[in-house]
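As structure tokens, the structure follows; a few thoughts come after it.
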Amino acid sequence: QVQLVESGGGLVQAGGALRLSCAASGSIFSCGTMGWYRQAPGKQRGLVATVTSAGRTNYADSVKGRFTVSRDNAKNTVYLQMDSLKPEDTAVYYCYVSLPPTWGQGTQVTVSS
């Protein structure tokens, strides 16, 4: 089993920044692709950003240029630096690793206008 522990969520004003972290522990080989998804009230969970073990990144169009995903393979940790936050970024953010497929418990990000 793999356990994911997220941290860094909270309340911030529009235009502000937050940094999310997600540390994986347990039966880990490489974690595969690591990343973040989010779910706003009344909406489906959707992609925010992912990063492969080789460092290739993928972003949702809505966050390109504002968010940066990175990982530390030695620490099995993935990060999400969120800048220029907007009220529409408000959601529960979930960490994800693909090997094995595992979700974190979620961390709330609230952006006030």
Side-chain angles (χ1 to χ4, degrees):
Q1 282 187 332
V2 174
Q3 295 80 42
L4 301 178
V5 178
E6 301 157 343
S7 61
L11 173 65
V12 64
Q13 288 188 333
L18 285 173
R19 188 188 193 214
L20 305 183
S21 299
C22 174
S25 61
S27 301
I28 299 169
F29 176 65
S30 71
C31 290
T33 295
M34 303 180 77
W36 297 89
Y37 289 72
R38 67 187 180 186
Q39 186 167 17
K43 295 186 177 181
Q44 290 187 330
R45 189 177 301 185
L47 170 74
V48 177
T50 59
V51 54
T52 69
S53 56
R56 184 172 299 174
T57 58
N58 182 43
Y59 294 92
D61 289 342
S62 60
V63 306
K64 284 181 180 177
R66 300 188 298 121
F67 291 10
T68 303
V69 64
S70 62
R71 64 190 284 170
D72 184 333
N73 290 331
K75 296 181 179 180
N76 292 317
T77 300
V78 61
Y79 306 95
L80 185 67
Q81 177 66 42
M82 304 185 292
D83 298 319
S84 302
L85 282 160
K86 304 175 181 180
E88 51 263 43
D89 294 318
T90 295
V92 178
Y93 284 69
Y94 295 92
C95 176
Y96 172 78
V97 302
S98 65
L99 291 176
T102 306
W103 291 95
Q105 79 282 3
T107 185
Q108 178 70 45
V109 171
T110 302
V111 184
S112 62
S113 57

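Under a hydrophobic clustering in which Ile, Leu, Val, Met, Phe, Trp and Tyr are joined whenever their side-chain heavy atoms come within less than 4.5 Å, directly or via other members, L85 and Y79 fall into different clusters. Under the 4.5 Å side-chain heavy-atom criterion for Ile, Leu, Val, Met, Phe, Trp and Tyr, V12 and V92 are members of distinct hydrophobic clusters. L47 and L80 fall into different hydrophobic clusters, where Ile, Leu, Val, Met, Phe, Trp and Tyr side chains are chained together by heavy-atom contacts under 4.5 Å. Connection of V51 to Y59 is established within a shared hydrophobic cluster, with ILVMFWY side chains joined at heavy-atom distances below 4.5 Å, either directly or through further cluster members. Under the 4.5 Å side-chain heavy-atom criterion for grouping Ile, Leu, Val, Met, Phe, Trp and Tyr, V111 is not connected to Y94 through any hydrophobic cluster.
The distance from the CZ atom of R19 to the OG atom of S7 is 9.0 Å, given to the nearest 0.5 Å. Rounded to the nearest 0.5 angstrom, N73 CG and M34 CE are separated by 8.0 Å. Summarising the geometry, atom OG1 belonging to T102 is positioned 8.5 Å from atom CD belonging to Q1; distances are rounded to the nearest 0.5 Å.
Counting only distance, with no hydrogens or angles, the side chain of R71 and the backbone of T52 share a donor-acceptor pair below 3.5 Å.
Side-chain contact check for T50 versus V69: every heavy-atom pair is 4.5 Å or farther apart. Between Y96 and P101 the shortest side-chain heavy-atom distance falls below 4.5 Å. Between Q108 and T90 there is a side-chain heavy-atom pair separated by less than 4.5 Å. Proximity of S62 to R38: side-chain heavy atoms (C-beta onward) are separated by under 4.5 Å at one or more points. Side-chain contact between V63 and M82: absent, with no pair of heavy atoms (C-beta onward) separated by less than 4.5 Å. Contact check for V5 versus S25: no side-chain heavy atoms found under the 4.5 Å cut-off.
There is no side-chain donor-acceptor pair under 3.5 Å between R56 and N58.
The two residues D89 and R66 have their closest heavy-atom pair at OD2-NH1, 2.7 Å. Taking all atoms of both residues into account, the shortest heavy-atom contact from L20 to G9 is CD2-N, 3.5 Å. The minimum heavy-atom distance linking Q81 with A17 is given by the pair NE2-CB, 4.0 Å. A pairwise comparison of heavy atoms in L4 and A24 identifies CD2-CB, 3.5 Å as the closest pair. Across every non-hydrogen atom of P87 and S113, the tightest pair is CG-CB, 3.8 Å. E6 and T107 make their closest contact through OE1-N, 3.5 Å (heavy atoms, listed as atom of the first residue, atom of the second, distance).
Aromatic ring orientation, W103 versus Y37: perpendicular (interplanar angle above 60°, classes split at 30° and 60°).
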